[in-house]
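Written out below as structure tokens is the structure these notes cover.
First listed ligand is number 1; within each ligand, the first listed atom is number 1. The figures that follow rest on heavy atoms only: side chains count, while hydrogens, waters and symmetry mates do not.
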Amino acid sequence: MTDTSDDTGKTTFNRVMLKISGEALMGDTAFGLHPPTVERIAREVKSVHDMGVEICMVIGGGNIFRGLQGSAQGMERTTADYMGMLATVMNALAMQSALEGLGVFTRVISAIRMDEVAEPYIRRRAVRHLEKKRVCIFAAGTGNPYFTTDTAATLRANEMNCEAIFKGTKVDGVYNKDPVKHADATRYDTVSYDDVLQKRLGVMDASAIALARDNDLPIIVFSLDEPGGFKGILAGEGTYTKVHG
Ligand code: UDP
């Protein structure tokens with residue numbers, strides 16, 4: 001038994017937030033969306049949905065546009081950030097299409113009103129969707145410039161009473177140094193919020209970590225590239241790092 005499953009391998013989670021970066025949707029391409037990759041991730045989400053777990057999702061926008069990049073090239077920062085938020089809406093719609101193609105009911109819920117393409121964010125309505133087992137994909141970040149989708153995921157996870165944030169990455173947890181560059185990097189099984197902040201471990205940005213810490217919301221960092229990885233971790237298998245108090 002691990003703290004993600006009981007003696008029978010049944011998950012202990014009822015409602016979770018899955019945060020993935022926009023780049024996770026690129027596959028091996030250099031920009032934008034790679035539909036087969038989006039579908040692969042949608043299958044991972046469906047397998048967890050099939051376990052009866054209620055799922056919230058936040059997808060970044062870095063595969064299309066990041067505000068900081070735009071402002072580094074001379075664009076006004078808040079405008080660039082709004083462009084980044086709009087990029088996340090495209091990713092959310094792509095994921096909605098892939099999930100619904102697999103028969104999973106979803107709602108895209110946007111922090112910036114655009115009623116023709118997504119529902120506006122109304123907390124109680126979003127909770128109701130989750131209770132009806134619809135996957136809620138929260139788009140447009142927090143709706144505010146100067147934030148990231150990591151913070152948006154943490155904010156919505158708190159508002160939706162999620163039991164944890166699952167942060168899908170390219171590696172199976174948090175390492176003391178970049179495991180892609182350093183063969184001797186070691187993975188933490190657990191690490192505290194304060195260590196993540198002090199050692200700048202790069203799990204999520206500092207505001208997101210502080211918001212998770214202040215609300216005792218665990219962050220589980222796992223590999224999204226591992227087939228069956230998301231479901232496996234919920235069933236108590238596989239490797240991951242748990243960030244907690
Ligand atoms: N963004 C923002 N406010 C938010 C969330 C996102 O301004 O609440 C903008 C910001 O410019 C960011 C971009 O949207 O660079 C894309 O989000 P993020 O960088 O978090 O995407 P990821 O790196 O996860 O793909």
Side-chain angles (χ1 to χ4, degrees), residues 17-34 37-38 40-42 44-45 56-96 98 108-114 117-118 120-121 123 126 136-160 165-171 174 178 180 196 200-212 215 217 219-225 230 243:
M17 164 65 69
L18 174 65
K19 166 69 192 7
I20 59 177
S21 69
E23 284 175 358
L25 306 186
M26 286 192 322
D28 289 331
T29 62
F31 175 83
L33 286 153
H34 182 243
T37 301
V38 181
R40 180 184 67 74
I41 296 171
E44 300 283 329
V45 174
C56 302
M57 283 185 84
V58 167
I59 308 171
N63 56 324
I64 300 170
F65 196 82
R66 277 206 181 89
L68 271 177
Q69 276 165 2
S71 75
Q73 291 165 354
M75 206 176 266
E76 199 264 322
R77 171 70 193 266
T78 53
T79 304
D81 276 341
Y82 278 113
M83 290 171 68
M85 286 185 258
L86 295 179
T88 73
V89 180
M90 286 202 252
N91 287 336
L93 292 174
M95 182 55 68
Q96 173 172 52
V108 172
I109 301 172
S110 175
I112 296 174
R113 280 197 88 111
M114 47 182 92
V117 291
Y121 175 66
R123 194 189 78 84
C136 286
I137 309 169
F138 295 98
T142 62
N144 299 290
Y146 295 96
F147 286 96
T148 66
T149 51
D150 282 345
T151 307
T154 313
L155 174 68
R156 295 293 186 237
N158 281 319
E159 289 180 284
M160 295 297 119
I165 301 181
F166 284 72
K167 164 104 178 170
T169 72
K170 286 186 180 313
V171 289
V174 184
D178 187 347
V180 180
V196 169
R200 296 176 181 267
L201 292 176
V203 177
M204 283 182 161
D205 61 80
S207 0
I209 297 289
L211 189 58
N215 294 283
L217 180 68
I219 304 166
I220 291 176
V221 183
F222 72 103
S223 168
L224 199 64
D225 289 349
F230 185 26
V243 184

Separation between CG (D205) and OG1 (T148), nearest 0.5 Å, reads 3.5 Å
Rounded to the nearest 0.5 Å, how far apart are CD1 of I112 and OG1 of T88?
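Between atom CD1 of I112 and atom OG1 of T88 there are 7.5 Å.
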Please give me the minimum heavy-atom distance between [X] and [Y], naming the atom from each residue.
{"X": "E159", "Y": "R123", "answer": "O-NH1, 3.0 Å"}
{"X": "C56", "Y": "F138", "answer": "CB-CE1, 3.7 Å"}
{"X": "S71", "Y": "A80", "answer": "N-CB, 4.1 Å"}
{"X": "S21", "Y": "I59", "answer": "O-CG2, 4.2 Å"}

Positive for side-chain contact (heavy atoms from CB on, under 4.5 Å) with I219, one of K19, M17, K167
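Only one option passes, and that is K167.
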Close N or O approach ([X], ligand 1; < 3.5 Å):
{"X": "G62", "result": "yes"}
{"X": "G67", "result": "yes"}
{"X": "G22", "result": "yes"}
{"X": "G61", "result": "yes"}
{"X": "G141", "result": "no"}

Q.
When you compare the side chain of M57 with that of I20, does any pair of heavy atoms fall below 4.5 Å?
A.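 Touching, per the 4.5 Å side-chain cut-off.
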Among protein heavy atoms, which sits nearest to [atom], and what does the distance come to when rounded to 0.1 Å?
{"atom": "atom 5 (C) of ligand 1", "answer": "T148 C, 3.4 Å"}
{"atom": "atom 2 (C) of ligand 1", "answer": "F147 O, 3.1 Å"}
{"atom": "atom 13 (C) of ligand 1", "answer": "G84 CA, 3.6 Å"}
{"atom": "atom 9 (C) of ligand 1", "answer": "D81 O, 3.4 Å"}

Counting heavy atoms under 4.0 Å, the part of S21 that contacts ligand 1 is both
Looking at Q69, R66, K19, E23, the heavy atom closest to atom 19 (O) of ligand 1 belongs to R66
| said: Quick test of your reading of the structure: of T142, I112, T88, T149, whose heavy atom lies closest to atom 18 (P) of ligand 1? | reply: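 Looking at heavy atoms only, the winner is T149.
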(message) Going by the rule side-chain contact (heavy atoms from CB on, under 4.5 Å), which residues pair with A92 if we only count those two or more places apart in sequence or in a different chain?
(response)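 Checked A92 against side-chain contact (heavy atoms from CB on, under 4.5 Å); matches are V108, I137, A139.
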Partner residues of F222 under the ring-ring contact (aromatic ring centres under 6.0 Å, His included) criterion, sequence neighbours left out: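 Partners of F222 under the ring-ring contact (aromatic ring centres under 6.0 Å, His included) test: F230.
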Mark up the atoms of ligand 1 that fall under 4.0 Å of a heavy atom belonging to [X], in ascending order.
{"X": "P145", "result": "7 (O)"}
{"X": "G60", "result": "21 (O), 22 (P), 24 (O), 25 (O)"}
{"X": "N144", "result": "2 (C), 3 (N), 4 (C), 7 (O), 8 (O)"}

